[in-house]
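Counting begins at 1 with the first residue of the sequence.
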Amino acid sequence: IRLKKIFGLNSNLVYNNLNIKKIKLLSKKKIKLVRFKNSNLKKIIIVGRLDKNKNHKFLVETLNRISKKLKFNLLILGSGPEKNNLKQLIYSYGLNDKIKIISYKKNPYPYIKACDFLILSSFYEGYPNVLIEAGCLNKLIISSSCKTGPKEIINNNKNGYLYKSNNYKSLSTTLEKVNSNKEKNKKKIINLNRYITKFHNIDNSKKYLDFIFVK
């Protein structure tokens, strides 16, 4: 609508296609699971490049601040320039038994499947496919309310949880909700699956052709 109003251009939204069957198949690959000191705790996973935009530092600091009240294990999957800084931060907080870093994997799905829910803590995102991919594996998703993609996917907390970006109180409150609302969590996962099926589990080839060959 804005493109039409400002530039006089027609536009059409085409969602990314997802091969849900392939994602589920890849998630079954056997992996060497990370061992936490207390394996009974809920496992959070964050997947992405270890850079400042992804804001892993904030997530580690938040989990440290709530460690006495809410107990979680965190698996960080990715590689990048912030890896050593994150390792030092985890060590300084004495969280080596609760937070583990695994280098980038071409197939992240077995690791996502092995965890209880996925979190995205970025300052900004485009359209983060990792949230959709986690949904394909029936995982609860939590994301910062950064601009664009996450808000659309989570849709006013119907398909997951949004918290205020880089806000400790907002994230800690959200994690409390996750920890105590099992039935609501299930409903959010079901809603996310419906969203995925409606917009992503389809062949959008014709839409691309219609866009290219505009009459």
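Without hydrogens or angle criteria, N19 side chain to K22 main chain gives a donor-acceptor distance under 3.5 Å. In this structure, the side chain of N193 engages the main chain of I189 through a donor-acceptor pair within 3.5 Å. For S145 (side chain) and L162 (main-chain N/O), no donor-acceptor pair under 3.5 Å exists by modelled atom type. N159 places no side-chain N or O within 3.5 Å of a backbone atom of K188 that could act as its donor or acceptor partner. Under the 3.5 Å distance criterion, the side-chain polar atoms of K139 are matched with a main-chain donor or acceptor of C115. Between the side chain of N167 and the backbone N or O of S170, at least one donor-acceptor pair lies under 3.5 Å. Looking at N185, its side chain does come within 3.5 Å of a backbone N or O of V178 through a donor-acceptor pair. N156 places no side-chain N or O within donor-acceptor distance of the main-chain N or O of K158, the cut-off being under 3.5 Å. Checking side-chain atoms of N181 against main-chain N and O of K177 turns up a donor-acceptor pair under 3.5 Å. Not one N or O on the side chain of K187 forms a donor-acceptor pair closer than 3.5 Å with the backbone of E183.
Every side chain to side chain contact (heavy atoms under 4.5 Å, CB included) that K24 has, sequence neighbours left out, goes to I20, L137. F72 pairs by the ring pair (Phe, Tyr, Trp, His ring centres under 6.0 Å) definition with F117, not counting sequence neighbours. For K57, the salt bridge (charged side-chain N to carboxylate O under 4.0 Å, His left out) criterion is met by E61, not counting sequence neighbours. Checked against salt bridge (charged side-chain N to carboxylate O under 4.0 Å, His left out), K29 has no partners two or more places apart in sequence or in another chain. With sequence neighbours excluded, the residues satisfying side chain to side chain contact (heavy atoms under 4.5 Å, CB included) with F123 are N53, N55, S165, N166.
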Quiz item: Which is it for L118 and I46 under the side chain to side chain contact (heavy atoms under 4.5 Å, CB included) test, yes or no, and what are the steps along the way?
Solution: CA-CA 6 Å; L118 180 138; I46 179 168; over 6 Å; no

Quiz item: Checking side chain to side chain contact (heavy atoms under 4.5 Å, CB included) for the pair S144/K164: CA distance, chi angles, key distance, verdict?
Solution: CA-CA 6 Å; S144 65; K164 292 181 182 179; over 6 Å; no

Quiz item: Run the side chain to side chain contact (heavy atoms under 4.5 Å, CB included) check on L95 and L89 step by step: do they pass?
Solution: CA-CA 9 Å; L95 295 174; L89 185 65; over 6 Å; no

Quiz item: Can K54 and E82 be said to form a salt bridge (Lys or Arg N to Asp or Glu O under 4.0 Å), step by step?
Solution: CA-CA 10 Å; K54 297 297 183 181; E82 287 296 301; over 6 Å; no

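Counting heavy-atom neighbours within 6.0 Å of K100 NZ, excluding the residue itself, gives a total above 12.
The closest side-chain donor-acceptor pair between K83 and S103 falls under 3.5 angstrom.
Taking the centre and axis of the six-membered ring of Y104, the NZ or CZ atom of R49 falls outside the cone set by 45° and 6.0 Å.
Applying the side chain to side chain donor-acceptor pair (under 3.5 Å) test to every pair with at least one member in residues 106-124, sequence neighbours left out, gives these pairs: Y109-E133, S122-E125.
Cluster membership check: L86 does not share its hydrophobic cluster with V47, using side-chain heavy-atom separations under 4.5 Å among Ile, Leu, Val, Met, Phe, Trp and Tyr. When the side chains of ILVMFWY residues are joined at heavy-atom separations under 4.5 Å, either directly or via intervening members, V60 and F36 end up in two distinct hydrophobic clusters. Cluster annotation: L59 is not connected to L131 through the hydrophobic network of ILVMFWY side chains, with a link wherever side-chain heavy atoms come within less than 4.5 Å. L171 and L74 fall within a single hydrophobic cluster, where Ile, Leu, Val, Met, Phe, Trp and Tyr side chains are chained together by heavy-atom contacts under 4.5 Å. By the rule that hydrophobic residues join a cluster once side-chain heavy atoms approach within less than 4.5 Å of another member, Y161 and I141 end up as members of separate clusters.
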